[in-house]
Amino acid sequence: MDNCIFCKITRGEIPCYKIHENDKYLAFLDLAHFTEGHTLVIPKKHHTFVWDVDNIGEYYSFAQEIVDHYRNKLGYKYVDSATFGRDVPHSHIHLVPHNGEGSDWESALVSIGDLQKDRDRWLSKEECEETQEKFTLL
Ligand SMILES: [Zn+2]
């Protein structure tokens, strides 16, 4: 993917603030951060969605190493995680560390709200039930 911004970061063509890396995955700071330490975790191989990544468990284990670090070493009470898949078309997991209080927490809530605004709509109860019926595996 020649024009993918995250592929360019992986190739070193665009700088980033790396947090963690191995041969398959890379974690770096999201400059449009929700909270201090807001991190993006990406596979080095291009996949559009998180759900397309080969060996997704390995991918999340890599993310977990970072979460463990934030919680156990840095003392964060929470590390919110999210995947939206509608902004940059290269798989990425958002990790948003916070302690559930103060301006960081409030700004995280506002930012997540802003990100979702106009992208999602609430389904009615009927639509939820129809969707559940259509998609359930039970
Ligand atoms: Zn890419």
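Computed over heavy atoms, backbone and side chain alike; hydrogens, waters and symmetry mates excluded. In each ligand, atom 1 is the first atom listed, and ligand 1 is the first ligand listed. Note that the structure is predicted; figures quoted are calculated from it, not measured.
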Can you list the residues that meet the side-chain hydrogen bond (donor to acceptor under 3.5 Å, both in side chains) rule with Lys24, with sequence neighbours excluded? Glu58
Tell me, please, which residues at least two apart from His90 pass side-chain hydrogen bond (donor to acceptor under 3.5 Å, both in side chains). His46
Do Val50 and His92 touch side chain to side chain, with heavy atoms closer than 4.5 Å? no
Do the side chains of Tyr70 and Phe62 join up, straight or via other hydrophobic residues, at under 4.5 Å, putting them in one cluster? yes
Heavy-atom side-chain contact between Leu95 and His38 under 4.5 Å: no
Measure distances from the Zn ion (ligand 1) and count the protein N, O or S atoms below 2.8 Å. 4
Result block: side-chain N/O donor-acceptor pairs under 3.5 angstrom for residues 4-20, not counting sequence neighbours:
unit_1 : atom_1 : unit_2 : atom_2 : d
Thr10  : OG1    : Phe6   : O      : 3.0
Arg11  : NE     : Glu13  : OE2    : 2.7
Arg11  : NH2    : Asp2   : O      : 3.4
Arg11  : NH2    : Glu13  : OE1    : 3.4
Lys18  : NZ     : Glu21  : OE1    : 3.1
His20  : NE2    : Glu65  : OE1    : 2.7

